[in-house]
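First the structure, then my questions, so here it is.
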Amino acid sequence: MALAIRLARRGLYSSAPNPRVGCVLVRDEKIVGEGWHEKTGGPHAEVMALAQAGEQARGADVYLTLEPCSHHGRTPPCSQALIEAGVARVVVAQRDPNPQVDGSGIGDLKNAGIVVETGLMADVAEAINPGFNKRMRSGLPFVRSKLAISLDGRTAMASGESQWITGEAARQDVQHWRAQSCAVLSGSGTVIADNPSLNQRLEGAERQPLRVIVDSGLRVPVDAKCLKLDGPRLLVTTADKIQLAGGYQDRGIDVLGLQPRPDGKVDLRQLMLELGKREINEVLVEAGPLLNGALLAAKLVDELLVYQASHVMGDDARGMFAIPGLANMNQRIQLERKDLRMVGDDLRLLFAVSGQDDQG
């Protein structure tokens with residue numbers, strides 16, 4: 001199963017919107033087939049492993065990170081492929097949260113007389129697909145907010161200047177997170193101040209994430225880098241601004257108008273639900289304190305990815321989150337540290353956010 005999980009990770013940058021899945025076939029204590037799901041529309045992990053094993057699949061044990069699909073989607077059901085191959089036993093790490101599967105793949109195998117065991121290394125298998133799992137269970141994508149900060153928690157000088165807070169190694173590390181994300185989300189203030197590209201530039205990773213810009217007032221220039229570069233782009237504004245968005249649409253930019261909140265801003269929860277409908281599994285947020293604060297206050301952030309540099313920027317510099325109304329200690333937003341390591345000269349911390357919104 002550990003090998004199957006390593007194989008699943010080969011699809012880290014390419015399998016979305018499908019889950020990352022690995023499969024290993026063993027017969028007579030020898031590995032006879034290996035497979036992983038590389039990309040949507042391509043062979044699933046089970047099919048790849050069965051093809052490699054050939055006739056040796058008959059009577060084999062199968063180690064699979066995710067329950068085999070049981071429905072006709074872009075490809076035929078893998079549960080049927082395993083049955084037809086004559087495997088004897090299937091060990092499944094994680095049950096598939098997709099409502100179209102959710103136990104039916106396991107049921108198909110059992111009904112065919114195949115021994116099925118579940119739960120081996122389930123926690124590790126679940127961690128491979130945080131976005132797919134959350135989207136299938138709630139309709140919402142998994143949201144990871146990336147911040148580059150100084151030792152005193154500042155993200156930009158008072159003037160807005162922020163290039164560069166962290167070093168080259170940290171900036172290159174961010175490319176891995178962009179490449180595994182289905183979408184990179186930013187706000188109009190960040191785009192206007194920094195003119196970022198927001199694309200992934202990781203060697204060997206071909207898929208570009210959807211670049212999503214929240215712009216309630218349609219302030220972002222149509223020639224901003226993130227809107228001008230090739231790749232999928234989505235400008236999100238309020239429904240009453242759609243008639244003013246022709247200049248963006250004329251350049252092939254997808255524009256989404258959502259009903260505004262009472263303050264006239266984009267409803268961020270509705271945006272996340274819309275991204276879920278568009279099969280966005282993981283969202284990487286690269287934004288300023290206003291959008292980061294609004295997302296955190298709305299309980300829409302699952303993880304914080306923080307790069308901390310060894311310098312001080314002072315009281316006048318901008319903070320990490322603009323969240324008004326936190327007056328008492330019991331209003332604090334609780335975090336759980338998941339990882340801590342050095343990346344070049346900078347400290348990288350990964351936190352899970354407690355109490356995030358997981359209801360569709």
Side-chain angles (χ1 to χ4, degrees), residues 13-18 40 131-132 134-135 138-146 174-175 177-201 205-261 264-288 290-292 294-295 298 300-302 357 360:
Y13 306 130
S14 60
S15 69
N18 285 359
T40 299
F132 176 82
K134 185 179 179 184
R135 180 168 67 85
S138 70
L140 296 164
F142 185 92
V143 179
R144 180 182 292 116
S145 185
K146 186 274 293 184
V174 171
Q175 297 301 319
W177 296 94
R178 284 186 187 175
Q180 75 178 64
S181 301
C182 299
V184 175
L185 173 69
S186 193
S188 57
T190 296
V191 173
I192 292 170
D194 297 342
N195 197 22
S197 299
L198 300 179
N199 61 342
Q200 67 87 5
R201 299 179 289 279
E206 298 180 1
R207 180 180 58 86
Q208 283 292 343
L210 172 68
R211 298 190 293 276
V212 183
I213 309 303
V214 178
D215 187 5
S216 300
L218 292 182
R219 300 188 302 133
V220 172
V222 293
D223 60 351
K225 284 182 183 178
C226 60
L227 297 180
K228 189 167 61 173
L229 291 170
D230 291 338
R233 299 152 296 169
L234 176 64
L235 185 72
V236 184
T237 189
T238 53
D240 58 326
K241 296 290 198 310
I242 282 290
Q243 70 272 18
L244 305 176
Y248 301 97
Q249 294 166 326
D250 290 345
R251 299 199 177 199
I253 300 165
D254 189 9
V255 180
L256 172 65
L258 297 174
Q259 290 301 316
R261 301 181 316 211
K265 302 294 185 181
V266 167
D267 187 317
L268 296 174
R269 188 172 185 280
Q270 289 304 312
L271 169 57
M272 291 305 168
L273 286 169
E274 177 63 31
L275 293 179
K277 292 175 184 176
R278 296 182 182 216
E279 298 187 310
I280 298 297
N281 288 341
E282 296 178 34
V283 176
L284 181 67
V285 180
E286 300 194 40
L290 290 177
L291 182 53
N292 268 309
L295 287 166
L300 292 169
V301 180
D302 297 281
D357 187 351

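Just the heavy atoms: all of them, side chains too, but no hydrogens, waters or symmetry mates, feed the values below.
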Using side-chain hydrogen bond (donor to acceptor under 3.5 Å, both in side chains) as the criterion, list what pairs up with Q200, not counting sequence neighbours.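 Partners of Q200 under the side-chain hydrogen bond (donor to acceptor under 3.5 Å, both in side chains) test: none.
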
Apply side-chain hydrogen bond (donor to acceptor under 3.5 Å, both in side chains) to S181 and list each qualifying residue two or more places apart in sequence or on a separate chain.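 Counting only residues at least two positions away or on another chain, S181 forms no side-chain hydrogen bond (donor to acceptor under 3.5 Å, both in side chains).
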
Residues forming a salt bridge (charged side-chain N to carboxylate O under 4.0 Å, His left out) with R211, sequence neighbours excluded: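 R211: no salt bridge (charged side-chain N to carboxylate O under 4.0 Å, His left out) contacts found.
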
Only pairs at least two apart or in different chains count here, so list each salt bridge (charged side-chain N to carboxylate O under 4.0 Å, His left out) that has a residue in residues 240-261.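 Salt bridge (charged side-chain N to carboxylate O under 4.0 Å, His left out) check on residues 240-261 returns D254-R278, R261-D263.
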
For the atom pair CG (L185) and CG (N292), what is the distance rounded to the nearest 0.5 Å?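 L185 CG to N292 CG: 9.0 Å, rounded to 0.5 Å.
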
Under the 3.5 angstrom rule, does the side chain of N18 hit a backbone N or O of T40 as a donor-acceptor pair?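 Here the side-chain-to-backbone pair does not exist.
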
Do L227 and V222 have side-chain heavy atoms sitting under 4.5 Å apart?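 Of all side-chain heavy-atom pairs linking V222 with L227, none is under 4.5 Å.
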
Listed partners of R144 passing salt bridge (charged side-chain N to carboxylate O under 4.0 Å, His left out), at least two apart: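 Listed in chain order: E282, E303.
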
As a quick check of understanding, evaluate side-chain contact (heavy atoms from CB on, under 4.5 Å) for L271 and V214, giving each step before the final call. CA-CA 9 Å; L271 169 57; V214 178; 3.8 Å; yes

side-chain hydrogen bond (donor to acceptor under 3.5 Å, both in side chains) partners of R135, counting only residues at least two apart: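 Partners of R135 by the side-chain hydrogen bond (donor to acceptor under 3.5 Å, both in side chains) criterion, ordered by chain and then number, come out as N281.
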
Quick one, E286 and V184 - any side-chain contact, counting heavy atoms below 4.5 Å?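 In contact.
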
Suppose the criterion is side chain to side chain donor-acceptor pair (under 3.5 Å): which pairs have a residue in residues 213-237, not counting sequence neighbours?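 Side chain to side chain donor-acceptor pair (under 3.5 Å) check on residues 213-237 returns S188-R219.
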
Flag side-chain contact, heavy atom, 4.5 Å: S145 against L295: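 S145 does not reach L295 side chain to side chain.
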
Which residues share a side-chain hydrogen bond (donor to acceptor under 3.5 Å, both in side chains) with D267, sequence neighbours left out: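 Result, side-chain hydrogen bond (donor to acceptor under 3.5 Å, both in side chains) vs D267: none returned.
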
With heavy-atom distances below 4.5 Å as the criterion, would you say the side chains of L235 and L256 are in contact?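 No, every pair of side-chain atoms sits at 4.5 Å or beyond.
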
Taking all heavy atoms of A205 and all of Y13, pick out the closest pair and write down the distance.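 Shortest heavy-atom separation between A205 and Y13 comes out as CB-CB, 4.2 Å.
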
Taking atom CD of Q243 as the centre, report whether more than 12 heavy atoms of other residues, nucleotides or ligands fall under 6.0 Å from it.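 Yes, the 6.0 Å shell around CD holds more than 12 heavy atoms from other groups.
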
Rounded to the nearest 0.5 Å, what's the gap from CG on L273 to CG on L258? Could you check?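 Reported value, rounded in 0.5 Å steps: 10.0 Å.
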
By side-chain contact (heavy atoms from CB on, under 4.5 Å), which residues pair with L210, not counting sequence neighbours?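 Partners of L210 by the side-chain contact (heavy atoms from CB on, under 4.5 Å) criterion, ordered by chain and then number, come out as A183, V212, P232, L234, L275, I280.
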
Indicate yes or no: at least one non-hydrogen side-chain atom of P221 is less than 4.5 angstrom from one of I192.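 Of all side-chain heavy-atom pairs linking I192 with P221, at least one is under 4.5 Å.
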
Find out whether S186 and L198 are in side-chain contact, i.e. whether some heavy atom of one side chain is under 4.5 Å from a heavy atom of the other.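 In short, these two side chains touch, coming nearer than 4.5 Å.
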
Between G257 and I242, which heavy-atom pair has the shortest distance, and what is it?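 Nearest pair, atom of G257 first, then I242: N-CD1, 3.5 Å.
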
State, to 0.1 Å, how close L268 and A294 come at their nearest heavy-atom pair, and which atoms those are.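 Minimum heavy-atom separation between L268 and A294: CD1-CB, 3.6 Å.
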
Rounded to the nearest 0.5 Å, what separates atom CG in N199 from atom CD in Q208?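 So the CG of N199 and the CD of Q208 are separated by 5.0 Å.
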
Keeping the roles fixed (side chain from R178, backbone from L284), state whether a donor-acceptor pair exists under 3.5 Å.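 Absent.
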
